[in-house]
Amino acid sequence: MFKKILIANRGEIALRVIRTCKEMGIRTVAVYSTADRESLHVRFADEAVCIGPPPSLESYLSIPKIMAAVEITNADAIHPGYGFMAENADFAEICAEYGIKFIGPGPDMIRKMGDKVTAKETMIEAGVPVVPGSGGLIADIEEAEQVAEDIGYPVILKATAGGGGKGMRIVHEKDQLEKNWSMARQEARNAFGNDGIYIEKFIVEPRHIEVQVIGDQHGTAAHLSERDCSVQRRHQKLVEESPSPFMTKSLREKMGKAAVKAVKHINYEGVGTIEFLVDADRNFYFMEMNTRIQVEHTVTEEVIDHDLIKEQIKVAAGIKISGKNFTPKLHAIECRINAEDPFNDFRPSPGIITSFHSPKGHGVRVDTHAYAGYQVSPYYDSMIAKVICRAQTREECILKMQRALDEFVIEGIHTTVPFHKLLLQNEDFRSGNYHTGLMNTWKFEKPS
Ligand code: MV4
């Protein structure tokens with residue numbers, strides 16, 4: 001087992017990883033920018049190294065600075081958390097060159113899944129259903145027209161280097177294709193330095209349902225059931241839950257099997273997520289694979305009652321997964337609390353938290369690095385807390401979340417707490433009858 005893990009991250013996830021390391025008897029190293037001097041991850045780690053000024057490019061995204069921190073502290077592994085270095089194949093490669101274990105899959109796997117066309121081709125090989133489409137990169141507008149004609153409109157143009165919604169264009173009819181084709185290429189070239197585009201049939205009002213997976217270094221793979229992440233706004237998830245209210249026993253079996261087949265086919269090592277689009281008829285299609293621990297892993301932890309960071313570290317250390325019971329027992333919902341004003345287009349609201357009281361009690365978990373007096377920096381992600389509730393049923397879970405959010409006091413900045421209170425009263429959410437279009441059509445207002 002590792003003796004010392006450097007956590008190349010900040011905020012709640014850095015704290016989350018430190019907690020598990022402590023329980024496993026592993027020493028921890030925090031890295032921090034000058035904006036995070038007063039952060040809890042710095043205080044709770046055994047050692048802490050300042051790696052630069054507030055901008056991420058000069059601190060949390062600087063490979064030389066992180067590797068220098070590894071060197072001076074003698075850490076034998078790096079936990080990347082999510083975001084920042086988590087899906088940076090070059091970083092994983094440099095770790096390997098230095099003999100430092102990157103806690104996650106190898107650089108080749110990160111690259112393979114990071115290129116969406118390659119990922120899709122790999123899933124076709126594995127026998128996992130994918131959205132009908134071009135099956136590869138489109139060379140020119142003539143080919144785009146041919147493919148769109150064959151699969152039928154509406155179609156969606158996606159950048160192979162994209163993901164998470166970046167560089168996508170929906171095309172409803174033939175005479176809009178040429179314009180969108182050149183726009184998609186241009187956008188992809190500017191954003192990723194790679195203008196490779198592929199085409200898919202556009203699935204109308206899909207659900208985003210993802211399956212948590214784990215694979216060890218000995219070829220054993222398991223799925224840890226699903227999460228419904230359909231409540232999103234501009235590709236930012238707001239709420240996640242498990243089980244999905246749209247799930248049936250048979251669909252769970254089919255999606256779980258497909259996810260395990262995918263993991264086994266690629267010989268995946270680590271925790272990961274297979275993202276699916278699910279249409280109204282419960283057809284499911286592979287969308288992307290995330291090769292990292294995700295923000296919403298906590299939802300799965302609550303329903304299966306296992307520490308996923310612990311499983312992730314064990315697998316990275318070469319320990320076999322075996323005999324684990326990963327069946328979901330409860331219902332869990334996570335509300336992401338962001339320092340944003342939900343009544344002002346979710347505008348970021350950095351500043352000092354003057355008062356902070358987090359909810360407590362049975363079935364309530366709050367993962368946060370915030371406290372009274374904490375300064376929310378404008379330099380980083382606006383998520384300041386995750387409230388995760390668990391209960392026997394979805395109905396009880398919603399009631400518990402409402403109670404928890406009513407207890408949450410955060411003063412000095414705007415937060416998304418009032419948004420979540422309204423969402424929990426929304427009829428489509430309450431009935432479980434929602435899809436990824438919810439946030440486009442639902443107009444909510446500030447309560448007076
Ligand atoms: C789609 C789609 C419909 N049809 N692909 C958005 C994020 C990126 N991972 C892929 N996305 C989508 N791909 C086809 N063929 C609809 C979306 C989509 C979406 C997906 C999941 C969650 C929220 C979404 C919001 C808008 C569009």
Side-chain angles (χ1 to χ4, degrees), residues 82-83 87 113-121 123-124 128-138 144 147-148 150-173 176-177 180-181 184 187-188 191-192 196-211 226-242 244-246 255 259 262 272-292 294-296 299 334 336 346 423 428-429 434-442:
Y82 51 71
E87 287 169 295
M113 293 301 132
D115 183 90
K116 303 308 163 191
V117 163
T118 309
K120 206 175 156 181
E121 282 167 357
M123 292 305 154
I124 294 170
V128 175
V130 302
V131 187
S134 54
L137 292 179
I138 301 285
V147 171
D150 292 345
I151 58 179
Y153 289 90
V155 297
I156 184 166
L157 309 180
K158 294 184 177 181
T160 190
K166 277 174 284 177
M168 295 185 342
R169 318 241 14 139
I170 300 160
V171 186
H172 290 279
E173 47 195 274
Q176 293 169 0
L177 186 64
N180 279 290
W181 166 257
E187 276 174 22
F192 316 112
I197 302 286
Y198 63 108
I199 300 186
E200 285 181 347
K201 176 88 188 161
F202 179 65
I203 310 293
V204 181
E205 300 183 336
R207 276 153 219 268
H208 173 138
I209 302 180
E210 55 187 34
V211 179
E226 85 282 0
R227 296 183 288 258
D228 196 316
C229 307
S230 300
V231 184
Q232 312 201 353
R233 183 182 170 276
R234 300 191 186 160
H235 305 296
Q236 294 296 314
K237 293 171 187 169
L238 296 163
V239 171
E240 303 94 351
E241 68 176 312
S242 181
S244 165
F246 196 61
M255 290 178 71
T273 303
I274 314 279
E275 293 186 352
F276 292 103
L277 286 176
V278 182
D279 71 16
D281 300 323
R282 291 193 173 80
N283 298 305
F284 64 93
Y285 309 97
F286 168 81
M287 185 165 49
E288 288 172 22
M289 178 172 190
N290 300 316
T291 56
R292 59 170 191 277
Q294 286 180 284
V295 173
E296 61 271 27
V299 167
E334 169 174 276
R336 296 192 187 192
F346 290 81
L423 179 73
D428 290 332
F429 183 79
Y434 62 84
H435 54 74
T436 52
L438 174 68
M439 294 303 293
N440 299 334
T441 50
W442 177 43

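Counting convention: from 1, in listed order, for ligands and their atoms alike.
Only the backbone of Lys201 comes within 4.0 Å of ligand 1, judged by heavy-atom distances. The part of Leu277 lying near ligand 1 is the side chain, judged by heavy-atom distances below 4.0 Å.
Here the heavy atom of the protein found nearest to atom 5 (N) of ligand 1 is Lys158 NZ, 2.9 Å. The nearest heavy-atom contact from the protein to atom 27 (C) of ligand 1 is His235 CE1, 3.9 Å. In terms of protein heavy-atom proximity, atom 21 (C) of ligand 1 is closest to His208 ND1, 3.5 Å. For atom 9 (N) of ligand 1, the closest heavy atom belonging to the protein is Glu288 OE2, 2.7 Å. For atom 7 (C) of ligand 1, the nearest protein heavy atom (residue, atom name, distance) is Gly165 N, 3.4 Å. Considering only non-hydrogen protein atoms, atom 11 (N) of ligand 1 sits nearest to Met168 SD, 3.4 Å.
Set against the non-hydrogen atoms of Glu200, the atoms of ligand 1 under 4.0 Å away are 5 (N), 14 (C), 15 (N). Using a 4.0 Å cut-off to heavy atoms of Gln232, the atoms of ligand 1 that qualify are 22 (C), 23 (C). Close contacts between ligand 1 and Val131 involve ligand atoms 15 (N) [criterion: under 4.0 Å to a heavy atom]. Against a heavy-atom cut-off of under 4.0 Å, Phe202 is close to the following atoms of ligand 1: 2 (C), 3 (C), 4 (N).
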Practice task
Might you work through the side chain to side chain contact (heavy atoms under 4.5 Å, CB included) test for Leu177 and Leu157, ending with a clear yes or no?
Solution key: CA-CA 9 Å; Leu177 186 64; Leu157 309 180; 4.2 Å; yes
Handout entry: side-chain hydrogen bond (donor to acceptor under 3.5 Å, both in side chains) between Thr273 and Gln294, intermediate numbers included
Key = CA-CA 8 Å; Thr273 303; Gln294 286 180 284; 2.4 Å; yes
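Here the shortest heavy-atom distance to atom 3 (C) of ligand 1, taken over Val231, Ile203, Thr436, belongs to Ile203.
The side-chain hydrogen bond (donor to acceptor under 3.5 Å, both in side chains) with His208 is formed by just one residue from the set Gln232, Glu240, His435; it is Gln232.
Leu423 has its side chain within reach of Leu438: a pair of non-hydrogen atoms, C-beta onward, lies under 4.5 Å apart.
Residues passing the ring pair (Phe, Tyr, Trp, His ring centres under 6.0 Å) test with Phe429 are Tyr434, sequence neighbours excluded.
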